[in-house]
J.: 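Take a look at the following structure, please.
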Amino acid sequence: MNSPDRSWTEYSKGDGPEKLFEKRTQVHPQRIDGNFRRFKWLVMIVTLAIYYITPWLRWDRGPFAPDQAVLVDLANRRFYMFGIEIWPHEFYFVAGLLIMAGIGLFLVTSAVGRAWCGYACPQTVWTDLFQHVDRFVDGDRNARMRLDKAPWGAGKIARRGFKWTIYLIISFWTGGAWIMYFADAPTLTVDFWTANAAPVAYITVAILTLMTFVLGGFMREQVCVYMCPWPRIQSAMLDEKSLLVTYKDWRGETRGSVKKANKSPDEYGDCIDCNQCVAVCPTGIDIREGPQIGCITCGLCIDACDRVMDEVGRPRGLISYATLDDCEAEASGAEPRPVWKTLLRPRTLIYFSIWGGIGLALLFALGARTHTELSAAADRNPPFMLMSDGSVRNAFTLKIRNMESRPRSFTVNLDGLDGAVMWSGTVSRDNAARVLEVAVAPDQTKPIRAYVVAPAGTAATDFAFTVTSNDEQAETDRSEVRFVVPGETE
Amino acid sequence: MANKQEPVQRIDEATGTKTVGHEWDGIEELDTPMPRWWLWSFYLCILFSIIYVVLYPAWPMVEKATEGTLGWTSRGQLAEEINVAEQVRNTVNDRLAQIPIERLSEDGALMQQAVAGGRAAFLVNCVQCHGSGAAGSMASSSLAKGYPNLNDDDWLWGGDLTAIEYTLTHGIRQQGDDMTRFSQMPGFTGVFEDAEAEGLVDHVLSLTGKAKPSAVGADLYANNCASCHGTAGLGDRTQGAPNLADAIWLYGGTRAEVKRQILTPRNGMMPKWQGRLDPVTIKMLAAYVHSLGGGEDFAEVAADPAVEVDEQP
């Protein structure tokens, strides 16, 4: 059996003394073209474009709010995403999105295997990007392997310097794009280059530049194989009905060259042992050894194998996306199951309904939420105040939230507590009434002190403040509190 | 021991690492070298500490530690930070120093800052008597009577900003200040018979409907009390005479407490804060007390009010 480039199970082969540590072999994937490679290009371009361009999109929110489409404004504790604005106390929307992302990964995994790992994971995308840089600077697989073995000379130093400079530029650009999500992008860019940005901006860029440089430029597939928890979770989630990149050993074995196969066709399978599938693999594994943690299911080996099969005139699909069940059925000569049957099975449907249910609930909550909120807290020191005419006064701190980006005025009302009137710090007691008009600046919470006074003899009782926005929306909210009087023990 | 063996170091086949040479019942220990990254971190830490010792205070000596070449001290850093904080405060303080207290309410933002500053000053200087909620003796029935509640609308000497600031500045019954607020409730022990005193208490409590009117008491009141407390018992703020016809009693509103205050009156004392607090702090305190809910409407703004500007830093 011809040994592949490298193997994850080398230690168990038993030739020579047992090795407990396997030194990493640099992976030099070969250039390949095909459907999966084109799809990978597409996903890479789209995801990188989203990442780099999003902070520069503008979104008009009027004069009182930032015009950046996606902005995590930590300083002012606001999160803007196009038409949606989230306040810190509405963080459950973000939690809901994260839960959706988690269940979404389950859904994708059970339906199409490790598609996230193969195409959309940032580690995959940036590793792919850096591998294209390798190819651009040093040439394809064989040239790169030669250069790796070559002694350090002026030429190699120049090439490495050039390559690592490109790595650094990409890394810096990556780190720089990240901070744009947290401040107005054009302003921050100017500030950044004129040394006026906050130290945390420079530190963040430095850390992310370094991380991208090391993780994308050097560690690459080791992140997936050794560091990332996701492949471990996934290996527990995959079953015989999940789509995997699979080598059909019943068709391929025994491997042999075209020449040998022509000589004795009964003895050999379709695999001509050209090792193309290993050469193109970005994580350097041999898919013919079966499903393994190093396989991110990017499908590049399918592209490579299909091309070879075309060349030697054998049917495509020796390596293909298939479930283990399908492979078994196919081996015993049954008809292959249609893809939609693989996708639409109870497990994926349950995941999808949970995922969709949470999504709908979030959308409903988003649509139903009001932009007016009121919270009232009673003063506790002193809890009540006897006035000179014998009446009793309680003081409350009302917080009125105007969650729209325009100034609004609100009417606060007393609900219950008959005979009581109130006034605030800006209204004198002479003008006390059962309503208060309060103007609140755009996108702000306004605290006011409300003094509620009830005539002598009023008993302790529960009542509520209500707030109504004085506009066509007429949004309302209420807050229940208790009116306490001297002599009442709480 | 007799069977002591010389350690024999050998190369472990599987790992290619030397053993330390000891053997315990067949168990050997690998002499695994420190990982490269660990060693480098270690060397970097040593380098860092050398630079640190040169730049910053490090070696403890007899008197004090060695001074670093940067001249940094924790006290110096604190002083710098306090300096910065004070510069921020100074802009507010300057504006507060310039504005007459009657006009403070015209500037809402400044008023808010004054109230906030006043709250802080109150917690340091005033809570000992008036309580942390400024409710005075009213905060609990177990407290000694006589510490005024600053939240209510009953003011002995006036409850507008100017009056409060004046009380704060000069105090009440403060010895050694000619401008202090002064009044004295005379004691009537030995002047009134007990029955007369009881009648007077009846009359006073009848003003709020808590007792039946007494002819004896009414007569005594007209002759002895009305000059300060007014014929209807409404009090007089110009001389700090309490209103006897309201629900608030500084020294308690029961028969015994009212009688005691007639026979052996207590006269509370409020320290003057001029000279102990700067005018800006007093102004902030006045704004805070005024904001507690009993503050009265502002006095007419004089055409050109005199401002006392504190020249001290």
Side-chain angles (χ1 to χ4, degrees), chain A residues 10-12 14 16-23 214 218-219 378-397 421-432 438-439 441 446-458 484-490, chain B residues 11-17 30 32 35 105-106 108-109 111-112 115-116 119 123 127 130-141 143 149-156 159-160 208-210 234-235 242-250 253 287-288 290-298:
Chain A
E10 200 170 36
Y11 63 88
S12 63
E18 240 187 351
K19 279 265 168 54
L20 297 175
F21 177 75
E22 189 197 11
K23 204 168 177 342
V214 172
F218 300 94
M219 295 192 64
D379 268 19
R380 295 196 292 176
N381 181 19
F384 48 75
M385 192 50 53
L386 180 69
M387 304 306 276
S388 55
D389 59 359
S391 58
V392 177
R393 192 189 76 202
N394 280 199
F396 298 88
T397 303
V421 290
M422 64 177 164
W423 72 98
S424 78
T426 50
V427 178
S428 91
R429 191 185 173 180
D430 304 336
N431 299 324
V438 184
K446 182 168 185 176
I448 57 166
R449 271 174 73 77
Y451 298 106
V452 178
V453 65
T458 306
V484 291
V485 296
E488 187 199 29
T489 47
E490 293 228 63
Chain B
I11 305 286
D12 176 62
E13 204 182 315
T15 57
T17 312
L30 292 180
T32 311
S105 62
E106 296 163 17
M111 181 77 175
Q112 270 187 352
V115 169
R119 180 178 294 119
L123 289 175
V127 292
H130 290 287
S132 60
S137 306
M138 182 265 176
S140 163
S141 53
L143 292 177
N149 177 356
L150 305 176
N151 292 272
D152 63 25
D153 57 348
D154 186 30
W155 299 93
L156 290 170
D160 60 58
T208 44
K210 291 205 281 185
L234 294 175
N243 183 343
L244 303 177
D246 66 13
I248 292 168
W249 299 88
L250 186 55
Y288 173 65
H290 187 262
S291 79
L292 290 173
E296 291 177 350
D297 278 339
F298 309 100

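In what follows, chains carry the letters A, B, and so on, assigned in the order in which the sequence lines appear, proteins first and then strands, with residues in each chain numbered from 1.
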J.: Under a 3.5 Å distance rule, please check whether B:D152 uses its side chain to pair with a backbone N or O of A:M385 as donor and acceptor.
T.: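 Judged by distance alone, no pair lies under 3.5 Å.
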J.: Quick one: pull up CG in A:D389 and CG in B:D154 and give me the separation to the nearest 0.5 Å.
T.: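 The CG atom of B:D154 is 10.5 Å from CG of A:D389, to the nearest 0.5 Å.
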J.: Could you list the residues that satisfy side chain to side chain contact (heavy atoms under 4.5 Å, CB included) with A:D379, not counting sequence neighbours?
T.: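 Scan of A:D379 (side chain to side chain contact (heavy atoms under 4.5 Å, CB included), adjacent residues dropped) gives A:A395, A:T397, A:R449.
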J.: Measure across B:D153 and A:S388 and return the closest heavy-atom pair with its distance rounded to 0.1 Å.
T.: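 Heavy-atom minimum between the residues: OD1-N, 2.9 Å.
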J.: Heavy-atom distances under 4.5 Å only: say whether B:S291 touches chain A with side chain, backbone, both or neither.
T.: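 When you check distances to chain A, only backbone atoms of B:S291 fall under 4.5 Å.
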J.: What part of B:N243 is in contact with chain A, defined as an atom under 4.5 angstrom from a non-hydrogen atom: side chain, backbone, both or neither?
T.: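 Neither part, no heavy atoms under 4.5 Å.
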